[in-house]
Participant: 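Right, I'll just put the structure down here and ask away after.
Side-chain atoms are counted along with the backbone in the values below, which use heavy atoms only and exclude waters and symmetry mates.
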Amino acid sequence: VRTKPQTDDTANMSFALNAATTVQFRGPHYIHGWLDHQFSSSPNHMAQSTKHLDLVIRARQFSNFIVVLGKMKTASDFDAKHAVIVKNNDEFRVPLNLEQIPPPKVFRDLISSLSPEQQRFAKAFRNMQLEGSLFGITVIQIKPAMEKVLNLNDNALTKEIKLTQDLMTLFTEYQIPTDQLSFGGDPSQPGKDKLAEVRSHVTSIMKMIEGEKAVQVKAAQQKADYREAEAKDGVRRTKKSKLASPRFDKTAFRGAPGSPAVSASSASTATTPTFHSMSMNRGETADVVPEADLHVDAGAFEFLDEVLEVEKMVMEVANDDGGAVRARESERTDTKPADDNRELHADGEDTHPTGQKKSGGAKIDVGDHEDYTKIPVAFDRALEAFDSDGTVRPTLIKVGKVWNKRCQKSLLGGEQHATLLKSEQDKEKSQAFDLIDALSRSGGLVLESSDLHIIVSATHAFDKTLVNTVVEDNANPIEKVERTSLIMASTTHGEDPASLVHQQHAERVKTASPSLFKDEL
């Protein structure tokens with residue numbers, strides 16, 4: 001691993017949130033070299049990649065950060081493909097698929113019979129493939145970004161766990177604009193005064209949300225009560241109307257004096273209703289209500305169904321942390337106007353108060369970037385020069401399609417496991433990008449303390465089994481993998497191989513791989 005610490009001269013990297021917003025970030029860079037090795041499973045088969053890798057992203061309780069996965073496009077542009085917010089004991093398990101491309105010597109032999117034009121095309125395509133093979137991971141720390149966007153001093157939120165959690169809730173669940181919560185006074189005021197003002201804003205917004213939720217619950221409860229009373233009234237009206245119907249003759253069903261009983265069945269006509277049998281004592285009368293007439297109109301049952309649905313809605317609103325306020329806020333964000341800090345000019349371009357034109361965020365400072373996309377190309381050329389066996393294959397790392405997530409909704413709640421498919425991954429990415437957009441003020445602020453990890457990967461694939469490699473080829477696989485590791489480390493660090501070997505191993509490595517110690521790679 002080569003580490004490039006953040007300095008004042010460190011240039012900004014950037015990635016696009018959408019077609020209109022580009023976010024800049026800066027921080028230390030870590031260039032990782034990952035070398036795999038594998039042997040053939042049988043003497044008659046070539047070596048095949050069977051390794052299964054997972055990227056595990058885990059956060060501790062009360063900690064939160066954003067992870068963005070992608071690859072490097074240019075010296076300063078990061079192509080963000082996936083993003084997740086990791087907080088409060090969340091764990092994401094992301095599968096990584098390995099795709100090997102031919103070794104440089106094999107590629108050279110394959111294109112040797114092509115025309116010069118076809119060879120140039122094949123070489124250009126391979127270089128493009130190698131330049132796009134850098135797998136990148138960006139880790140954005142949320143707390144420093146919050147302090148910056150809220151105009152607080154550095155480390156002001158370090159011990160403010162409750163306030164930080166409330167801010168996360170307001171940003172992620174309710175999409176509250178940052179200018180509604182930030183400190184707007186004199187920047188020279190003490191840090192505790194700034195923090196007190198922000199806390200006051202957060203408390204006010206939280207009370208407003210709780211009040212809005214209570215209003216929504218009360219309105220839903222009133223609606224449920226009204227529907228229930230309306231349904232009961234409909235049942236009573238229906239029953240009275242049926243009893244007063246002309247075709248309902250009570251006297252026809254009263255027990256006559258002296259009759260032992262009243263028969264409750266009749267089959268004189270096809271339309272005569274059927275009654276349940278009943279017996280009465282002599283001299284007693286009773287109203288026998290036909291079963292066919294004791295029904296309720298369909299509208300009454302519809303009222304009852306609506307009552308059940310409304311009651312269910314009330315329970316959902318009461319249990320939902322967001323309630324109807326979240327839906328209202330989402331409607332606002334769908335049609336929200338431009339940032340209050342921008343001015344829309346006649347030419348259709350957004351500008352900030354400083355007068356600087358905004359085209360996808362703040363002006364990108366390219367600076368003196370080290371072009372990391374050139375590392376795989378340099379590594380490929382070094383393999384062509386020093387890998388005499390032609391068994392080292394550059395390897396592409398791609399994100400798998402099915403993720404796993406483990407989360408804990410509350411401190412006392414149990415763990416919950418979920419499988420994230422394409423739709424769930426897109427939802428996680430949308431939430432993360434919304435938070436990044438808020439923390440950066442739509443690209444107007446640079447995200448500090450953001451780590452960039454870049455991985456250069458290769459696979460040393462032996463064409464035979466371990467035993468056959470040692471016996472038949474009379475080769476030491478340890479020395480060959482060691483040589484490949486030196487080639488990768490020398491290319492990644494930009495150093496001479498001799499300077500990377502400990503003095504006590506220098507003579508042995510030089511004897512096994514003399515070509516590495518002639519000059520520079």
Participant: Hey, are Asp36 and Thr459 close enough side-chain-wise for a donor-acceptor pair under 3.5 Å?
Facilitator: no
Participant: Grab the two heavy atoms, one from Lys143 and one from Thr158, that are nearest each other, plus how far apart they are.
Facilitator: NZ-O, 3.8 Å
Participant: If only side-chain N and O atoms count, and only distance matters, is there a donor-acceptor pair under 3.5 Å linking Asn468 with Thr465?
Facilitator: yes
Participant: Using every non-hydrogen atom in the two residues, find where Phe78 and Gly70 come nearest and quote the distance to one decimal.
Facilitator: CZ-N, 3.5 Å
Participant: Is any side-chain heavy atom of Phe25 less than 4.5 Å from a side-chain heavy atom of Thr138?
Facilitator: yes
Participant: Does a sphere of radius 6.0 Å around NZ in Lys71 hold more than 12 heavy atoms from other residues, nucleotides or ligands, not counting ones at 6.0 Å or beyond?
Facilitator: no
Participant: Holding to side chain to side chain contact (heavy atoms under 4.5 Å, CB included), I want the full list of residues that pass it with Ser485, two or more places apart in sequence or in another chain.
Facilitator: Leu35, Val481
Participant: Between the side chain of Asn89 and the main-chain N/O of Gln408, is any donor-acceptor distance below 3.5 Å?
Facilitator: no
Participant: For the residue pair Ile454 and His32, establish whether any side-chain heavy-atom pair is separated by less than 4.5 Å.
Facilitator: no
Participant: So, does His502 use its side chain to make a donor-acceptor pair with the main chain of Gln504 at under 3.5 Å?
Facilitator: yes
Participant: Any side-chain heavy-atom pair from Val23 and Ser14 closer than 4.5 angstrom?
Facilitator: no
Participant: Start with the C-alpha gap between Asp426 and Lys422, add the side-chain angles, then the distance that decides, and say whether salt bridge (Lys or Arg N to Asp or Glu O under 4.0 Å) holds.
Facilitator: CA-CA 6 Å; Asp426 291 341; Lys422 180 66 167 58; 2.8 Å; yes
Participant: Does the side chain of Asp451 come under 3.5 Å of the side chain of His453 through a donor N or O and an acceptor N or O?
Facilitator: no
Participant: Could you tell me whether the side chain of Arg406 and the main chain of Glu415 form a donor-acceptor pair under 3.5 Å?
Facilitator: no
Participant: Roughly how far, to the nearest 0.5 Å, is CE of Met72 from CE of Met13?
Facilitator: 3.0 Å
Participant: Less than 4.5 Å apart, side chain to side chain, heavy atoms only: is that true for Trp403 and Thr419?
Facilitator: no
Participant: Counting distance only, does the side-chain N/O of Ser490 pair as donor-acceptor with the main-chain N or O of Glu495 below 3.5 Å?
Facilitator: yes
Participant: So that I can tick it off, tell me whether Asp90 and Arg58 are bridged by a salt bridge, with the cut-off set at under 4.0 angstrom between side-chain N and carboxylate O.
Facilitator: no
Participant: Would you check if the side chain of Ser200 reaches a backbone N or O of Ala196 as a donor-acceptor pair within less than 3.5 Å?
Facilitator: no
Participant: For the pair Arg508 and Glu479, find out whether any cationic side-chain nitrogen is under 4.0 Å from an anionic carboxylate oxygen.
Facilitator: no
Participant: Identify the heavy atoms of Leu445 and Leu439 that sit nearest to each other, and give their distance.
Facilitator: CD1-O, 4.0 Å
Participant: Would you say Asp473's side chain and Ala475's backbone share a donor-acceptor pair under 3.5 angstrom?
Facilitator: no
Participant: Got a donor-acceptor contact below 3.5 angstrom from the Gln100 side chain to the Pro394 backbone?
Facilitator: no
Participant: About how many Å separate CE of Met488 and CD1 of Ile375, when rounded to the nearest 0.5 Å?
Facilitator: 10.5 Å
Participant: Are any side-chain N or O atoms of Glu424 and backbone N or O atoms of Leu421, one a donor and one an acceptor, separated by less than 3.5 Å?
Facilitator: yes
Participant: Salt bridge check: are Arg2 and Glu370 linked by an N-O gap of less than 4.0 Å?
Facilitator: yes
Participant: Can you tell me which residue pairs pass the side-chain hydrogen bond (donor to acceptor under 3.5 Å, both in side chains) test with a partner in residues 119-132, sequence neighbours excluded?
Facilitator: Arg126-Asp380, Glu131-Lys374
Participant: Please examine the side chains of Ser513 and Phe386, heavy atoms only from C-beta on, and report whether any two atoms are closer than 4.5 Å.
Facilitator: no
Participant: Salt bridge (charged side-chain N to carboxylate O under 4.0 Å, His left out) with Arg26: which residues, sequence neighbours excluded?
Facilitator: Glu448
Participant: Can you tell if the side chain of Asp387 reaches within under 4.5 Å of the side chain of Asp389, non-hydrogen atoms only?
Facilitator: yes
Participant: May I ask you to decide if the ring planes of His29 and Tyr372 are parallel, tilted or perpendicular, using 30° and 60° as cut-offs?
Facilitator: perpendicular
Participant: Tell me, please, which residues at least two apart from Thr391 pass side chain to side chain donor-acceptor pair (under 3.5 Å).
Facilitator: His460
Participant: Whether Asp166 and Lys162 form a salt bridge (side-chain N of Lys/Arg under 4.0 Å from carboxylate O of Asp/Glu) is what I want to check.
Facilitator: yes
Participant: Can you tell me how far the CD atom of Gln180 sits from the CD1 atom of Ile205, to the nearest 0.5 Å?
Facilitator: 6.0 Å
Participant: Can you see whether Asn151 engages Lys194 through a side-chain donor-acceptor pair at a distance of less than 3.5 angstrom?
Facilitator: no
Participant: Strictly by ring pair (Phe, Tyr, Trp, His ring centres under 6.0 Å), give each pair with a member in residues 101-149 just once, sequence neighbours left out.
Facilitator: none
Participant: Measure the shortest side-chain to side-chain distance between Leu195 and Leu152 over non-hydrogen atoms and say whether it is less than 4.5 angstrom.
Facilitator: yes
Participant: Is it true that a side-chain atom of Asp54 and a backbone atom of Val56 form a donor plus acceptor pair closer than 3.5 Å?
Facilitator: no
Participant: Quick check: closest heavy atoms across Val139 and Phe65, and the distance to 0.1 Å?
Facilitator: CG1-CD1, 4.0 Å
Participant: So, Arg93 and Glu91, do they make that salt bridge, N to O below 4.0 Å?
Facilitator: yes
Participant: What is the minimum heavy-atom distance between Val198 and Ser182, and which atoms define it?
Facilitator: CG2-C, 4.3 Å
Participant: With a 4.5 Å heavy-atom cut-off, do Arg393 and Glu99 have their side chains touching?
Facilitator: no
Participant: Would you find more than 12 non-hydrogen atoms of other residues, nucleotides or ligands less than 6.0 Å from Gln61 atom CD?
Facilitator: yes
Participant: Can you tell me which residue among Ile140, Asp434, Thr172 is in a side chain to side chain contact (heavy atoms under 4.5 Å, CB included) with Ile85?
Facilitator: Thr172
Participant: Thr74: what forms a side chain to side chain donor-acceptor pair (under 3.5 Å) with it, not counting sequence neighbours?
Facilitator: Asp77
Participant: Which atom names give the shortest non-hydrogen contact between Thr491 and Ala382, and what distance separates them?
Facilitator: OG1-CB, 4.0 Å
Participant: Can you check whether Lys401's main-chain N or O pairs, donor with acceptor, with Gln425's side chain at less than 3.5 Å?
Facilitator: yes
